[in-house]
Amino acid sequence: MLGKFLRTLKGDPRPDRKKRPLEPAAEKPKLGLALSSGGARGLAHVGVLQVLEENGIEVYAISGSSMGSYIGALWAAGFSGNHLAKLAEEMHDRRQLWKLADPVFPPMRGLFHGLKAKAHLERSLGDLCFEDLERKLLVITADLDTKERLVLRSGKISDAVHASCAMPGIIAPVMFNGRRCVDGGVVDPVPVGALHKFAEVDRVIAVSVIPSFKEVDTGMYRSDEPPPPPSPGKRFLSAINRNVNFLAKGNIVDTFRQSIRCAQVRIAHDSIKRADLCLRPEHFSAPWNDYSNFDRFIDAGRQITLDHLDEIRALLEIQSDEKSKDSMVGGRVA
């Protein structure tokens, strides 16, 4: 749908992308927004950005890991929150997702290359570089060999986002400036510290769809009601799926992904302590790739932001006298 529309244009192939110059407001604190990883749940970031735009709340810098980097990059490039919602709607059909699949054969480094997904992003960003942006954008990835957290802030944006979204086991590691990189959510799922260190911000709002200790402890991720017994036909298909699908529940990729998720709970808990405010959109039980529920996730992001709008405004009324100078582990920049 969007592709057809873009092809009809004779001018800029990115019609909704526009310059969004920073408003001069020396008396107000500079706001940084840290967007978490989280697969489809990360679409809640779109709802947060929509509400901030609607209320004239200026964002000076944005950082993101994995899905947070994808959304943050598009927004920093000039796409509005409403246009991001339209892009999310494009992917609501699983058939559209499968069109982006580019299998690795044999699947030794991952199941997919991720190059088609990168090309899809480049339909919007083209060859745009970090240096072309009006706002600061920080994209987080992990160097597999040095174990460092890399804060990418120069070069081609689509290359950086590709590296940040390379989910281990699913997307093959991405070579970026000679480094073997994977999903930024592995080392920094809610990149608050990167904003303090590299963006000269005064206030930071974290948006996290990573489970909190409270959510885990209250059993939010346990299923209290056993599912209804499947029919013989469904049992047969399920048995076949478990034996051929690496992504099936309980199989190697699912086990690997869930293990990383467990570690992220603690990493995120420590990271958001350095934020002035953390927005946690309502949790829905859904698969990580449930893009068909895009509107539900976006609405959750909108609602949590509206609920805290007064706090956000109050946060920006007083100028910060001091900025955090604390460094984070792995501060080397690619």
Side-chain angles (χ1 to χ4, degrees), residues 35-45 64-70 91 94 97-98 101 103-104 107-112 114 117 140-142 144 147 149 163-174 181-191 206-227 230 234 237-272 280-294 296-297 300:
L35 305 182
S36 78
S37 58
R41 286 192 180 91
L43 292 173
H45 301 324
S65 284
S66 198
M67 177 57 82
S69 76
Y70 196 101
M91 307 312 300
R94 291 199 173 208
L97 286 175
W98 279 112
V104 175
M108 303 302 291
R109 297 179 298 117
L111 299 181
F112 306 102
I140 311 301
T141 188
L144 274 181
K147 313 303 181 285
R149 179 201 69 170
S164 184
C165 293
M167 188 183 299
I170 297 179
I171 305 298
V174 174
C181 298
V182 294
D183 197 309
V186 172
V187 288
D188 198 0
V190 192
V207 186
S208 177
V209 297
I210 306 296
S212 67
F213 284 151
K214 182 179 179 181
E215 289 171 335
V216 172
D217 291 344
T218 55
M220 184 175 287
Y221 293 85
R222 290 196 299 267
S223 178
D224 296 327
E225 296 182 8
K234 284 187 176 180
L237 292 175
S238 179
I240 293 177
N241 186 48
R242 284 197 303 271
N243 283 282
V244 299
N245 183 4
F246 289 109
L247 294 169
K249 187 173 181 179
N251 281 1
I252 184 168
V253 174
D254 175 66
T255 300
F256 190 40
R257 189 180 60 81
Q258 295 290 5
S259 299
I260 292 174
R261 192 74 164 166
C262 291
Q264 286 178 328
V265 173
R266 294 187 176 277
I267 299 173
H269 175 78
D270 290 336
S271 182
I272 62 176
R280 291 186 178 277
E282 182 182 355
H283 170 79
F284 302 110
S285 180
W288 65 273
N289 59 348
D290 187 18
Y291 293 96
S292 61
N293 275 321
F294 69 95
R296 196 179 184 192
F297 297 125

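Position 1 is the first residue of the sequence; numbering continues from there. In this text, all values refer to a predicted model and were calculated from it rather than measured experimentally.
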Are the side chain of Arg280 and the backbone N or O of Ile210 linked by a donor-acceptor pair below 3.5 Å? yes
Taken in chain and number order and not counting sequence neighbours, the residues that satisfy side chain to side chain contact (heavy atoms under 4.5 Å, CB included) with Ser164 are Ser69, Val139
Closest non-hydrogen atom pair, Val174 against Ala166: CG2-CB, 3.9 Å
Using the side chain to side chain contact (heavy atoms under 4.5 Å, CB included) criterion, which residues pair with Arg266? Sequence neighbours excluded. Phe213
Has the side chain of Ser36 got a donor or acceptor atom that lies under 3.5 Å from a matching backbone atom of Val209? yes
Which atom pair, heavy atoms only, marks the closest approach of Thr141 to Val187? O-CG2, 3.9 Å
Taking atom CD of Glu282 and atom CZ of Arg41, what is their separation to the nearest 0.5 Å? 11.5 Å
Keeping Ser66 on the side-chain end and Asp183 on the backbone end, is there a donor-acceptor pair under 3.5 Å? no
Are Arg261 and Pro211 side-chain neighbours, meaning at least one heavy-atom pair lies under 4.5 Å? yes
Taking atom types as modelled, is there a side-chain donor on Ser65 or Asp188 under 3.5 Å from an acceptor on the other? no
Can you name the nearest heavy-atom pair linking Val190 to Val207, along with the distance? CG1-O, 4.5 Å
Do you know the tightest heavy-atom contact between Ser259 and Thr255? OG-O, 2.7 Å
Quick one: CG on Leu43 to OH on Tyr70, what's the gap to the nearest 0.5 Å? 10.5 Å
Say whether, by atom type as modelled, one donor and one acceptor occur between the side chain of Ser37 and the main chain of Met67 under 3.5 angstrom. no
Minimum heavy-atom separation for Val265 and Ser212, please, with both atom names. CG1-C, 4.4 Å
